[in-house]
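Nothing here was measured: the structure is a model prediction, and the numbers come from that model.
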Amino acid sequence: MAPPVRYCIPGERLCNLEEGSPGSGTYTRHGYIFSSLAGCLTKTSENGALPVVSVMRETESQLLPDVGAVVTCKVSSINSRFAKVHILYVGSTPLKNAFRGTIRKEDIRATEKDKVEIYKSFRPGDIVLAKVISLGDAQSNYLLTTAENELGVVVAHSESGVQMVPISWCEMQCPKTHTKEFRKVARVQPEFLQT
């Protein structure tokens with residue numbers, strides 16, 4: 001059975017220099033080996049020599065949405081003032097963990113902001129291209145906008161479960177039932193099209 005994985009934090013004393021030699025992610029001080037990273041402790045020994053003590057962190061670092069970044073998100077819920085979304089991609093890079101975002105009523109369109117109605121712009125389950133306008137903190141979400149022609153709903157499903165086709169900047173149509181539904185439709189740029 002493999003030994004349990006030991007996690008360590010920066011500055012944690014791992015062992016003394018008689019028990020091992022320092023490897024990557026460690027430093028020595030006063031005859032001891034300390035961790036310089038937060039990560040998993042690994043000990044590797046070759047040919048009966050002292051084991052090399054090293055600390056490895058997760059290989060892939062987490063990409064974070066930044067102000068001005070175009071993100072792909074999925075609408076989770078709507079009300080009369082805003083739509084709540086889960087941010088899934090930053091640009092074309094998928095995120096390991098989804099971040100929460102909010103698209104406020106006044107950030108949906110660039111014109112006629114007072115006439116915007118959330119339910120005529122988004123529905124839960126829609127895939128939306130949006131731009132980050134403000135970073136969130138522990139309590140709040142990222143604030144997003146779709147107030148550009150290139151931003152808005154890119155994928156939506158009708159009530160019959162079929163993917164709808166955009167027919168104008170504010171409507172999508174179900175190819176099966178031919179019913180029309182209102183959406184804030186994105187004019188998708190060639191760089192966002194999957195080939």
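- A donor-acceptor pair is defined here as one N or O able to donate and one able to accept, closer than 3.5 Å; no such pair exists between the side chain of Thr93 and the backbone of Tyr89.
- A salt bridge is absent between Arg123 and Asp126; no separation between the charged side-chain nitrogens and carboxylate oxygens falls under 4.0 Å.
- Here the rule is side chain to side chain contact (heavy atoms under 4.5 Å, CB included) with Glu181, and of Met164, Met172, His157 only Met164 fits it.
- Using a distance-only test at 3.5 Å, with no hydrogens or angles considered, a donor-acceptor pair links the side chain of Glu12 to the main chain of Ile9.
- Across all their heavy atoms, Val128 and Ile103 have their closest contact at CG1-CD1, 4.3 Å.
- Partner of Val52 under the side chain to side chain contact (heavy atoms under 4.5 Å, CB included) criterion, out of Thr26, Thr42, Thr44: Thr44 alone.
- A distance-only check finds a donor-acceptor pair linking the side chain of Ser76 to the backbone of Lys84 [under 3.5 Å].
- In the hydrophobic cluster analysis, where Ile, Leu, Val, Met, Phe, Trp and Tyr join through side-chain heavy atoms closer than 4.5 angstrom, Tyr142 is grouped apart from Phe82.
- Residues Gln163 and Pro175 share a closest heavy-atom pair of O-CD, 3.4 Å.
- Tyr32 and Leu50 fall into different hydrophobic clusters, where Ile, Leu, Val, Met, Phe, Trp and Tyr are joined by side-chain heavy atoms under 4.5 Å apart, directly or via other members.
- Of all the heavy atoms in Val55 and Ser35, the pair that sits closest is CG2-OG, 3.7 Å.
- Cluster membership check: Val90 does not share its hydrophobic cluster with Leu88, using side-chain heavy-atom separations under 4.5 Å among Ile, Leu, Val, Met, Phe, Trp and Tyr.
- Ring geometry for Tyr27 versus Phe34: interplanar angle under 30°, hence parallel rather than tilted (30 to 60°).
- Between Ala130 and Thr146, the shortest heavy-atom contact is CB-CG2, 4.0 Å.
- Within the 3.5 Å criterion, the main-chain N or O of Val165 finds no donor-acceptor partner in the side chain of Gln173.
- Not counting sequence neighbours, the partners of Glu19 by the side chain to side chain donor-acceptor pair (under 3.5 Å) test are Asn16.
- Taking hydrophobic clusters as Ile, Leu, Val, Met, Phe, Trp and Tyr residues chained together by side-chain heavy-atom distances below 4.5 Å, Ile33 does not share a cluster with Met56.
- Few gaps surround CD on Glu117; more than 12 heavy atoms of other groups in view lie less than 6.0 Å from it.
- Side-chain contact between Arg109 and Trp169 is present, with at least one heavy-atom pair separated by less than 4.5 Å.
- Of the listed residues (Thr102, Ile133, Val85), just one forms a side chain to side chain contact (heavy atoms under 4.5 Å, CB included) with Leu144, and that residue is Val85.
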Please walk me through it: do Ser54 and Ser24 pass side chain to side chain donor-acceptor pair (under 3.5 Å)? CA-CA 5 Å; Ser54 55; Ser24 64; 4.5 Å; no
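- How far SG of Cys170 is from NZ of Lys184: 10.5 Å, rounded to the nearest 0.5 Å.
- Interatomic distance, Lys43 NZ to Arg6 CZ, rounded to the nearest 0.5 Å: 7.0 Å.
- For the pair Ile78 and Phe122, the tightest heavy-atom approach, listed with the atom from each and the gap, is CD1-O, 3.6 Å.
- Of the inter-residue distances, the one linking Ile127 atom CD1 with Cys73 atom SG reads 8.0 Å to the nearest 0.5 angstrom.
- Linking ILVMFWY side-chain heavy atoms closer than 4.5 Å, directly or via other members, places Leu17 and Leu14 in a single hydrophobic cluster.
- Using a 4.5 Å cut-off on side-chain heavy atoms (C-beta onward), Asn79 and Ile118 make no contact.
- Judged purely by atom type and a 3.5 angstrom limit, Thr145 uses its side chain to pair as donor or acceptor with the backbone of Asp107.
- Taking each heavy atom of Val53 and Cys15 in turn, the nearest pair found is CG2-SG, 3.9 Å.
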